[in-house]
Amino acid sequence: MSGKASQRCWIVDRGHPSPLLLTPHGTPGLPLGLGELGLGSAEVTTHPLRTGEVILLYTDGVSEARNAGGDFYPVLDRLTAHFGDGHRALDPETLVSFIRADTDKWSTGGKDDRAVIALTLT
């Protein structure tokens, strides 16, 4: 992350699920840009980040966790169901703790590696 003056986040994506931008304004942002796959140069995307917004990054071990019916874990749907449409007043620790516990409850089979990172401006 850059300094507060520019309030931007640079993301280099190498094939993991796209990060989510969660806003306190009642509307979750779309997944942030996708980078190129493979050994070539990576795509770097720049996104504005305002105070109160959280960027949520997670590996496919989260989004591909399956329940007893074989359904993939729907990250944004589960966040909305638990925290509400606006994801208001979320702190990174709360988000990471929720996803960790919720994917454990959701998942019935073997565990893929799961990593979750939540970033915000302070």
Side-chain angles (χ1 to χ4, degrees):
M1 294 213 155
S2 66
K4 277 188 161 184
S6 60
Q7 295 183 338
R8 294 195 179 277
C9 177
W10 288 268
I11 296 175
V12 178
D13 188 338
R14 294 305 245 168
H16 284 99
S18 296
L20 296 175
L21 177 63
L22 307 176
T23 72
H25 310 295
T27 314
L30 295 174
L32 301 178
L34 295 174
E36 294 178 36
L37 297 176
L39 299 176
S41 62
E43 179 180 338
V44 178
T45 57
T46 304
H47 306 277
L49 183 62
R50 295 169 197 76
T51 301
E53 294 178 334
V54 177
I55 292 184
L56 183 68
L57 302 104
Y58 52 91
T59 61
D60 60 358
V62 172
S63 58
E64 294 178 3
R66 292 179 185 255
N67 65 10
D71 300 316
F72 288 123
Y73 182 77
V75 178
L76 189 54
D77 291 345
R78 299 294 286 183
L79 288 171
T80 300
H82 186 76
F83 294 107
D85 286 340
H87 310 291
R88 288 174 179 80
L90 293 182
D91 63 64
E93 186 175 344
T94 300
L95 278 167
V96 170
S97 294
F98 169 74
I99 289 181
R100 180 178 176 188
D102 199 46
T103 54
D104 284 346
K105 289 178 196 171
W106 178 274
S107 181
T108 58
K111 290 191 175 185
D112 191 358
D113 61 317
R114 295 183 196 153
V116 181
I117 300 171
L119 306 169
T120 191
L121 286 175
T122 56

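All figures in this text were calculated on a predicted structure; none of them were measured in a lab.
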Listed by chain and number, what are the ring pair (Phe, Tyr, Trp, His ring centres under 6.0 Å) partners of Tyr73, not counting sequence neighbours?
-> Trp106
Non-hydrogen side-chain atoms of Val116 and Leu56 separated by less than 4.5 Å | yes
Look up atom CG in Leu95 and atom CG in Leu119, then write down how far apart they are to the nearest 0.5 Å.
-> 10.5 Å
Are any non-hydrogen side-chain atoms of Leu79 and Ile99 less than 4.5 angstrom apart?
-> yes
Only counting residues at least two apart or in another chain, list the ones meeting side-chain hydrogen bond (donor to acceptor under 3.5 Å, both in side chains) with Ser97.
-> none
All heavy atoms of Val54 vs all of Ala118, minimum pair found to be CG1-CB, 3.9 Å
For Asp60 and Glu64, indicate whether the former's side chain and the latter's backbone hold a donor-acceptor pair under 3.5 Å.
-> no
On a heavy-atom basis, the closest approach of Phe98 and His82 is CE1-CG, 3.2 Å
Side chain of Thr103, backbone of Arg100: donor and acceptor closer than 3.5 Å?
-> yes
Between Phe72 and Ser63, which heavy-atom pair has the shortest distance, and what is it?
-> CB-O, 3.4 Å
Heavy-atom nearest pair, Arg114 first then Thr59, reads CA-OG1, 3.6 Å
